[in-house]
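A note on names: the letters A, B, ... follow the listed sequences, proteins ahead of strands, and every chain is numbered from 1.
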Protein chains: 2
Amino acid sequence: MFVRITTDRRPQPSTLDEFDLTSAFDRIIGLGEFTYRKGTEIFGEKEPAVYVYQVKHGAVRSYKLLSDGRRQIGAFHLVGDIFGLENGDKHRFTAEAVVETVARLIKRESLQLAAARDTVVSQNLLSMITRNLEHAENHMLLLGRKTAVERVAAFLLEMDCRTGADKMSLPMTRLDIADYLGLTFETVSRALSSLRKAGVLTFLDHDQREIMLNDRRQLADFDPQGPAQP
Amino acid sequence: MFVRITTDRRPQPSTLDEFDLTSAFDRIIGLGEFTYRKGTEIFGEKEPAVYVYQVKHGAVRSYKLLSDGRRQIGAFHLVGDIFGLENGDKHRFTAEAVVETVARLIKRESLQLAAARDTVVSQNLLSMITRNLEHAENHMLLLGRKTAVERVAAFLLEMDCRTGADKMSLPMTRLDIADYLGLTFETVSRALSSLRKAGVLTFLDHDQREIMLNDRRQLADFDPQGPAQP
DNA sequence: GCAACCCATTGAGCTAAATCAAGGGACTCA
DNA sequence: TGAGTCCCTTGATTTAGCTCAATGGGTTGC
């Protein structure tokens, strides 16, 4: 399939294609795929939410900024993930391609229409938002109360769980990870080094983005869990 | 109306009463009101979610714990607020009464039933969850990237906005505020003192829980906003 | 080839917030 | 009435993580 590559933020439909954000949304017609170059903005905070997106290839970061440039990444979106889904009519995050990324687009309008007609679709919408909420709640605990090494361990476990592969290939830089974990990139680097020295993981390439987890149990010990259940 | 006071966590219905979590839920019959003493647990994290609650009087804190006791309060629920609303069947937070609190209860079951029948109810459910998500997203930015004074200023603005009254009467201790903002209670105390010295606020009582905001504009200057819009 | 980036690591020193510590007012309750 | 408990404030000290700085390997583009 032909895919346009552009830095223009406004998506141009490349093909009409059946929409498959999830199996429940199958009947909705999407606008096809669109490619974003590394570092490109997909949509901006407070812009009108026109589309909903699904990552086909690549990775996306969603973040909020403060006026002086401090950045908090709220989530990374990997292959298969849906992002830009809003209940209100404005985006609450800016979304950028972490690496060259292909996304499927659907008009928010048509999704809301489908949700109004079909309770299965609206149920799926609700559980999607709920998953986002759960993630944010866990992340608040991480940001408010965990140490640097605990945060990095939690991040690795999250990524390991989401990618599923034996070795992880992180698409994002240390700075991205830092802005996700509420740290600086130096602190992330030091935490990763200390985990490597502890034998928990091995770097496989020069950039140290390819990471092999040697001992998930030991890694999990670095990330404290909630209190034991009665 | 007679209200039972108890420390037993399992609610006993005191009256049958029309349910009014929101106007859209009017037709659902609630289980009436229930009173929790200061410091009482209303429900625990990972317990089955049987009820949904609305604060009639008092205040509630929702929090997660780490195994070593570190606590992150995710939200305070004030009069009128609904809490304990779950899409899944387990609570994701522990909820405790901050002060003596009266709550209205409704069976989650009957709410879900109503949502399945009535799109207005399910729409309200969705927008309620969305508001929670929005709050969590903003709180991630606060926890990940704001300084102590900025966090406390943001907290005061949030409380001021939610209570609406001219003077604020905070129901929670400095420790509660600290666990909400990812700080220690000493740091919260110091930040409040420095805002007082800056003339932004005045303490009205001995416990310094009654706070008068002298200059909301100046207070807002302590809490950095997102980047200017184009 | 080589300059210009970008990204990562590591060391040295600094600082914002945590920790430790003392003190005091208000309330409860025996 | 007075001991005990909470809660808050403030001061002194420590420390986890930030800032600043140097280095080095890829990659890109001329």
Side-chain angles (χ1 to χ4, degrees), chain A residues 37-39 59 61 68-72 96 98-100 142-153 155 168-197 201-211 222 224, chain B residues 37-39 59 61 66 68-72 96 98-100 142-153 155 169-197 201-211 222 224:
Chain A
R37 278 215 290 258
K38 180 179 171 178
R61 56 182 171 247
D68 61 1
R70 280 174 283 176
R71 181 177 70 156
Q72 179 63 45
E96 280 177 2
V98 171
V99 292
E100 179 158 313
L142 178 147
L143 292 171
R145 288 299 177 221
K146 290 188 181 176
T147 68
V149 176
E150 288 168 356
R151 293 177 202 207
V152 171
F155 169 75
M168 260 186 296
S169 186
L170 298 177
M172 68 289 286
T173 66
R174 298 292 191 254
L175 180 60
D176 287 330
I177 299 172
D179 284 350
Y180 179 59
L181 300 178
L183 301 169
T184 61
F185 68 89
E186 294 98 328
T187 298
V188 170
S189 181
R190 280 186 245 270
L192 284 169
S193 292
S194 84
L195 289 172
R196 180 181 51 71
K197 281 167 197 156
L201 55 85
T202 310
F203 293 128
L204 300 176
D205 65 335
H206 169 74
D207 264 8
Q208 332 248 87
R209 302 266 195 105
E210 299 258 321
I211 291 177
F222 282 93
Chain B
R37 279 215 289 258
K38 180 179 171 177
R61 54 181 172 249
L66 294 178
D68 61 1
R70 280 174 282 175
R71 181 177 70 154
Q72 179 62 45
E96 280 176 4
V98 172
V99 292
E100 178 160 311
L142 178 147
L143 292 170
R145 288 297 177 223
K146 290 188 183 177
T147 67
V149 176
E150 288 168 356
R151 292 178 203 207
V152 171
F155 169 75
S169 186
L170 298 177
M172 68 289 286
T173 66
R174 299 293 191 254
L175 180 59
D176 287 330
I177 299 172
D179 284 350
Y180 178 60
L181 299 179
L183 300 168
T184 61
F185 68 89
E186 295 98 328
T187 299
V188 170
S189 181
R190 279 185 245 271
L192 284 169
S193 293
S194 83
L195 289 171
R196 179 179 52 70
K197 281 168 198 155
L201 55 86
T202 309
F203 293 128
L204 300 175
D205 65 336
H206 169 73
D207 265 7
Q208 333 248 85
R209 301 267 194 101
E210 298 259 321
I211 291 177
F222 283 92

Presence of S193(B) side-chain N/O under 4.0 Å of dT10(D) phosphate oxygens OP1/OP2 = yes
Please state how far atom CZ in R190(B) lies from atom C1' in dC8(D), giving the value in whole angstrom units.
-> 12 Å
Is there a side-chain polar atom (N or O) of T187(A) under 4.0 Å from OP1 or OP2 of dG17(D)?
-> no
Got E150(B) and R145(B) here, is their nearest side-chain heavy-atom distance under 4.5 Å?
-> no
Using a strict 4.0 Å threshold on nitrogen-to-oxygen distance, state whether R71(A) and D176(A) make a salt bridge.
-> yes
Hey, does the side chain of R151(A) come within less than 4.0 Å of dA16(D)'s phosphate (OP1/OP2), counting only N and O?
-> no
For V98(B) against R61(B), the heavy-atom pair lying closest together = CG2-N, 3.7 Å
Whole-Å distance, L192(B) CG to dT9(D) C1', equals 11 Å
Kindly state which residues belonging to residues 170-185 of chain B come within less than 4.0 angstrom of DNA chain C, counting heavy atoms of the residue only, listed by number.
-> G182(B), L183(B), T184(B)
Heavy-atom closest pair (F203(A) atom, R196(A) atom, distance to 0.1 Å) is CD1-CD, 3.4 Å
Taking atom P of dT9(D) as reference, at what distance in whole Å does atom CD of Q208(B) sit?
-> 5 Å
With a 4.0 Å cut-off (strictly under) to non-hydrogen atoms of chain B, the first and last hit nts on DNA chain C, 5' to 3', are dA17(C) to dA26(C)
More 5' along DNA chain D: K146(A) or D207(A), using each one's nearest nucleotide?
-> K146(A)
Identify the heavy atoms of V99(B) and P171(B) that sit nearest to each other, and give their distance.
-> CG1-O, 3.7 Å
Looking only at heavy atoms, the pair that brings L201(B) and L192(B) closest together is CD1-O, 4.2 Å
F222(A) and A153(A) have their tightest heavy-atom pair at CB-CB, 3.7 Å
What pair of heavy atoms forms the shortest contact from P224(B) to R70(A), and how long is it?
-> CG-NH2, 3.6 Å
